[in-house]
Number of protein chains: 2
Amino acid sequence: MENYIGYFKALRESKGLTLREVERQTEVSNAYLSQLESGKIKQPSPLTLHKLSEIYGVGYDILMEKVGYPPLKKKVAEINRDKSSIALRVGSITEDEEVELLNYLKFMRSRKK
Amino acid sequence: MENYIGYFKALRESKGLTLREVERQTEVSNAYLSQLESGKIKQPSPLTLHKLSEIYGVGYDILMEKVGYPPLKKKVAEINRDKSSIALRVGSITEDEEVELLNYLKFMRSRKK
DNA sequence: TAACATTGCTAAGTATTGCAAGCATTTTTT
DNA sequence: AAAAAATGCTTGCAATACTTAGCAATGTTA
């Protein structure tokens, strides 16, 4: 969402790295890095950001937010709503559904043996 | 990490939602949702995943990893808060079990009407 | 000085996300 | 039963991430 012009360039230069050195270590082309630093790229992919976060020593989540992706950090309210790890994957469920799912899971597993 | 075929469709149907209902709430076109569910989309953007995570009640980070984006390390405090009843009793579930549970959840909920 | 390497950058091309419009079929309403 | 609405889906199309190839300027070495 916001402007991160100057940010990536300052980051790289603070480490004393050239575009081609970053290219070697991240396998992101120097051409693209140049475009990124000059503000021609709106939202580099998470994978690209992850590579950059490693070489620059900056948090992956920091870079994600920097370019405007939704924040990765969970809010406490959401954590409390999602009680179990299953709920994290299938969405929130009621207590009754939880029991029924448990039984069904048990049935599923016994059937596949 | 690779294939999430069946997952998004199972998620939606477990909630008893139509493509156009999800479109209304997330502002993601039903056309795109259809392609996503049929496996024609490799990596939907973080913003799209964030919207889906909200309407489906599934962790944003879970969806991010599901489609193959780099994993984000959780804070220890959050991890401990996340695991509760079901996880402690049955342990983790496989991807196949996950989809099967979603389908059963859909059946459970449709039965009670 | 001359040859060569390195630097940042641009232009053109490929691939993919996501949308608008529309179609065929099923479901709902009258 | 007919009309209307809702549903899932396909087909172009625009926008954009990212690459390869190359250029001009600067730095390095013989």
Side-chain angles (χ1 to χ4, degrees), chain A residues 1-56 58 60 63-70, chain B residues 1-56 60 63-70 99 102-103 106-107 109-111 113:
Chain A
M1 292 275 200
E2 322 208 345
N3 266 355
Y4 47 89
I5 13 173
Y7 179 67
F8 286 102
K9 183 163 189 173
L11 215 47
R12 176 175 59 84
E13 290 181 339
S14 76
K15 304 278 180 196
L17 297 171
T18 67
L19 290 180
R20 280 182 168 81
E21 184 57 38
V22 176
E23 169 178 300
R24 263 169 234 127
Q25 295 188 38
T26 62
E27 288 181 316
V28 175
S29 72
N30 69 81
Y32 185 67
L33 292 170
S34 175
Q35 294 171 33
L36 175 63
E37 292 185 355
S38 62
K40 281 166 189 157
I41 303 299
K42 293 187 178 176
Q43 279 190 328
S45 79
L47 178 56
T48 298
L49 291 180
H50 186 75
K51 289 172 178 173
L52 292 180
S53 82
E54 286 192 330
I55 189 178
Y56 290 154
V58 177
Y60 173 41
L63 293 187
M64 289 287 285
E65 290 193 35
K66 200 85 183 177
V67 306
Y69 288 132
Chain B
M1 171 148 166
E2 284 126 47
N3 270 352
Y4 45 90
I5 322 172
Y7 177 66
F8 285 103
K9 182 163 190 172
L11 253 188
R12 176 175 58 84
E13 291 183 337
S14 78
K15 302 277 188 294
L17 297 172
T18 67
L19 290 180
R20 279 183 167 81
E21 185 56 38
V22 176
E23 169 178 297
R24 263 169 236 126
Q25 295 188 39
T26 62
E27 290 181 318
V28 175
S29 73
N30 69 80
Y32 186 67
L33 291 169
S34 176
Q35 294 171 29
L36 175 63
E37 292 185 355
S38 62
K40 281 166 191 157
I41 303 298
K42 294 186 179 175
Q43 279 191 328
S45 79
L47 179 57
T48 298
L49 291 180
H50 185 75
K51 289 172 177 172
L52 292 179
S53 83
E54 286 194 327
I55 189 179
Y56 291 152
Y60 172 42
L63 293 187
M64 290 286 285
E65 291 194 31
K66 202 89 181 175
V67 306
Y69 286 132
V99 171
L102 282 170
N103 285 326
K106 172 191 176 187
F107 164 70
R109 288 171 174 168
S110 71
R111 194 179 42 181
K113 280 182 183 173

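Each chain gets a letter, A, B and so on, in the order its sequence line appears, and its residues count up from 1. Below, each value reflects all heavy atoms present in this structure, side chains not excepted, and no hydrogens, waters or symmetry copies.
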Can you tell me which nucleotide in [options] comes closest to the side chain of [X]?
{"X": "L19(A)", "options": "dT10(C), dC9(C), dT10(D)", "result": "dC9(C)"}
{"X": "S34(A)", "options": "dA17(D), dG8(D), dT10(C)", "result": "dT10(C)"}
{"X": "K42(A)", "options": "dG18(C), dT19(D), dT16(D)", "result": "dT16(D)"}
{"X": "Y32(A)", "options": "dT19(D), dC19(C), dT17(C)", "result": "dT19(D)"}

Whole angstrom value for the distance that separates [atom2] of [N] from [atom1] of [X]:
{"X": "L17(A)", "N": "dT6(C)", "atom1": "CG", "atom2": "P", "answer": "16 Å"}
{"X": "Q43(B)", "N": "dG18(C)", "atom1": "CD", "atom2": "C1'", "answer": "15 Å"}
{"X": "K51(A)", "N": "dC18(D)", "atom1": "NZ", "atom2": "C1'", "answer": "10 Å"}
{"X": "L33(B)", "N": "dT10(D)", "atom1": "CG", "atom2": "P", "answer": "14 Å"}
{"X": "N30(A)", "N": "dC9(C)", "atom1": "CG", "atom2": "C1'", "answer": "8 Å"}
{"X": "E37(B)", "N": "dG18(C)", "atom1": "CD", "atom2": "P", "answer": "14 Å"}
{"X": "I41(B)", "N": "dG18(C)", "atom1": "CD1", "atom2": "C1'", "answer": "7 Å"}
{"X": "K9(A)", "N": "dT7(C)", "atom1": "NZ", "atom2": "P", "answer": "14 Å"}

Only one of E21(B), E23(B), R24(B), Q35(B) passes side-chain hydrogen bond (donor to acceptor under 3.5 Å, both in side chains) with N30(B); say which it is.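 Testing each of E21(B), E23(B), R24(B), Q35(B) against N30(B), the sole residue satisfying side-chain hydrogen bond (donor to acceptor under 3.5 Å, both in side chains) is E23(B).
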For [N], take OP1 and OP2 only and decide whether either is under 4.0 Å from a side-chain N or O of [X].
{"X": "R12(A)", "N": "dT7(C)", "result": "no"}
{"X": "T48(A)", "N": "dC18(D)", "result": "yes"}
{"X": "K40(B)", "N": "dT10(D)", "result": "yes"}
{"X": "R20(B)", "N": "dT27(C)", "result": "no"}
{"X": "S45(A)", "N": "dC18(D)", "result": "yes"}
{"X": "S29(B)", "N": "dA20(C)", "result": "no"}

What distance separates L36(A) CG from I5(A) CD1, expressed to the nearest 0.5 Å?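 If I round to the nearest 0.5 Å, the distance is 12.0 Å.
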Test side-chain contact (heavy atoms from CB on, under 4.5 Å) applied to F8(B) and L33(B), V67(B), I41(B), the passing residue: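 Among L33(B), V67(B), I41(B), the one meeting side-chain contact (heavy atoms from CB on, under 4.5 Å) with F8(B) is V67(B).
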Can you tell me which residue pairs pass the salt bridge (Lys or Arg N to Asp or Glu O under 4.0 Å) test with a partner in residues 31-49 of chain A, sequence neighbours excluded?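 Counting only pairs at least two positions apart or across chains, the salt bridge (Lys or Arg N to Asp or Glu O under 4.0 Å) contacts touching residues 31-49 of chain A are R12(A)-E37(A).
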Using only modelled atom types and a 3.5 angstrom limit, is any donor from either the side chain of E23(A) or the base of dT19(D) paired with an acceptor on the other?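 No such pair is found, so the answer is no.
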Upstream residue (5' side of DNA chain D) when E21(B) and S38(B) are each assigned their closest nucleotide: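 That would be E21(B).
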Kindly indicate whether the side chain of L11(B), heavy atoms from C-beta on, has any atom under 4.5 Å from the side chain of Y4(B).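 Answer no - side chains too far apart.
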